[in-house]
Amino acid sequence: MQNPTPSVPTPEQIRRAPKALLHDHLDGGLRPATIVEIARATGYTALPETDPEKLGAWFREAADSGSLERYLETFAHTCAVMQTRDALVRVAAECAEDLAADGVVYAEVRYAPEQHLEGGLTLEEVVEAVNEGFRLGEQRAREAGHRIRVGALLTAMRHAARSQEIAELANRYRDSGVVGFDIAGAEAGYPPTRHLDAFDYLKRENNHFTIHAGEAFGLPSIWQALQWCGADRLGHGVRIIDDIERKGGEVSLGRLASYVRDKRVPLEMCPTSNLQTGAAESYEEHPIGLLRRLHFRVTVNTDNRLMSGTSMSREFEHLVDAFGYTLDDMQWFTVNAMKSAFIPFDERLAMINEVIKPGYAELKAEWLFTPGPGTPPVASGSARSGS
Ligand SMILES: O=c1[nH]cnc2c1ncn2[C@@H]1O[C@H](CO)[C@@H](O)[C@H]1O
Ligand SMILES: [Zn+2]
């Protein structure tokens, strides 16, 4: 038998492969059945569908509009059912369980605490409820035979004016479950420089942050996020492709693209989400293919599992179909993500060396133990030697 590697992984191998996720919205990943149940229990009557399957389809279709603004409108319904302590604990626990069942071993999950105050919770109570949910989900995952570690990123909404407050909140909880900060929401008209105070504060505190940039808006947004705000990572960053010129087989990088590659700035790419908001045309044409070839620090992410009907495994399946990626490529993306995580260096290294690499090594060795064509069938029943 020949070593079939490097071969295209099967969906089952993709699911079992250890994965690291840096960009996933808590309010973009609820189970449709949970939305329906919480809506019923809390008296929220504005859901467009009350059958879970139809509701899931509604989210995918409504988000599939080609515009980031329309995509974001769908979050009104998920946020509406995330206004009580119990709901937040439940949603966060299910998030950790769902990611773990999909083979995610490390996740940074983000949400905007300011969007969960309508039921009377304080910002602190929101953070504590979500943290409690993540711990519960990690424990349930362990009981089900999966290992996952989840950290929270606190998001400030870019159209609002609470970023300083949220940055302080992220700093206060940095040793208890919160690993960093982010800004999200409509990009056009709301440049990241509106929130310079918050970023300056976090830098002075030696804390970490990522910025949604270069998704619906182009290079100026990426440039500001990096050179004015000092972002550690870029949420999406797909438009960096606008600073890369291709003529025939020749590729040349502009100053900003060079900077991003030279400084190993992590790009949190979310292919399916980009197709829905119009930031990319198809998986085959998604900039991730070129950026990976050019050795940018690219990572693969889900963004919003509910709105995009996706999971980490599904994102990888699409990329495997489009680009023929192998387990080695998957490992490369996963190690990139782990290197770019906001937890301490020693923990990242241990995750790479003790969890991710052994996980891929095991999958890559599977061909050695699959029975070849000449293998005799296993005898069943009474055929015992010497009797
Ligand atoms: O792809 C995105 N781009 C910008 N903002 C987003 C995206 N996905 C979700 N959110 C926004 O982030 C908030 C906190 O999780 C969500 O409520 C949504 O408004
Ligand atoms: Zn996002």
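Remember, it's 1-based here, ligands and their atoms both numbered in the order they're listed. The shown structure was predicted, so the numbers you read here are calculated from the model rather than taken from an experiment.
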Ring geometry between Phe75 and His25 (parallel below 30°, tilted from 30 to 60°, perpendicular above 60°): perpendicular

Distance-only N or O hit between ligand 1 and Asp303, under 3.5 Å: yes

Salt-bridge criterion met for Arg16 and Glu366 (N-O under 4.0 Å): yes

Salt-bridge present (Glu268, Arg110; N to O < 4.0 Å): yes

Heavy-atom nearest option to atom 3 (N) of ligand 1, drawn from Glu215, Met157, Met307, Gln276: Glu215

N/O/S from His212 sitting under 2.8 Å away from the Zn ion (ligand 2): yes

Atom name in His23, limited to N/O/S, at shortest distance from the Zn ion (ligand 2): NE2

N or O contact, Tyr71 vs ligand 1, cut-off under 3.5 Å: no

Protein contact to atom 9 (C) of ligand 1 [nearest heavy atom, distance to 0.1 Å]: His25 CE1, 3.3 Å

Among the N, O or S atoms of Asp303, the one nearest the Zn ion (ligand 2): OD1

Polar side-chain atom of Glu187 near backbone of Ala216 as donor-acceptor pair, under 3.5 Å: yes

Shared hydrophobic cluster for Ile343 and Val130 (ILVMFWY, side-chain gaps under 4.5 Å): yes

Test of ring centre spacing under 6.0 Å for His318 and His286: no

Geometric N/O contact Thr155 with ligand 1, under 3.5 angstrom: no

Parallel, tilted or perpendicular: ring planes of His208 versus Phe342, cut at 30 and 60 degrees: parallel

Heavy atom of the protein closest to atom 6 (C) of ligand 1 (residue, atom name, distance): Leu72 CD2, 3.4 Å

Salt bridge (charged side-chain N to carboxylate O under 4.0 Å, His left out), paired with Arg172, selected from Glu205, Glu124, Glu165: Glu124

Subset of ligand 1 atoms that lie under 4.0 Å from at least one heavy atom of His212: 2 (C), 3 (N), 4 (C), 7 (C)

Numbered atoms of ligand 1 (with element) below 4.0 Å of Gln115, judged on heavy atoms: 13 (C), 14 (C), 16 (C), 17 (O)

Closest approach of any protein heavy atom to atom 17 (O) of ligand 1, naming residue and atom: Asp27 OD2, 2.4 Å

N, O or S from His236 under 2.8 Å to the Zn ion (ligand 2): no

Distance-only side-chain donor-acceptor flag, Gln83 / Thr42, under 3.5 Å: no

Ligand 1-proximal atoms of Leu68, by part, heavy-atom distance under 4.0 Å: side chain

Gly185 touching ligand 1 at heavy-atom level, < 4.0 angstrom: yes

Contact partition for Asn304 relative to ligand 1, non-hydrogen atoms under 4.0 Å: side chain

Side chain, backbone, both or neither: Glu187 near ligand 1, heavy atoms under 4.0 Å: neither

Salt-bridge criterion met for Arg90 and Glu94 (N-O under 4.0 Å): yes

Interfacing atoms of ligand 1 (cut-off 4.0 Å, heavy-atom, Ala184): 5 (N), 11 (C), 12 (O)

Short N or O distance, Cys79 and ligand 1, threshold 3.5 Å exclusive: no

Ring centre gap for Phe209 and Phe199 strictly below 6.0 Å: yes

Any side-chain donor near an acceptor of the partner, Thr272 and Asn274, under 3.5 Å: no

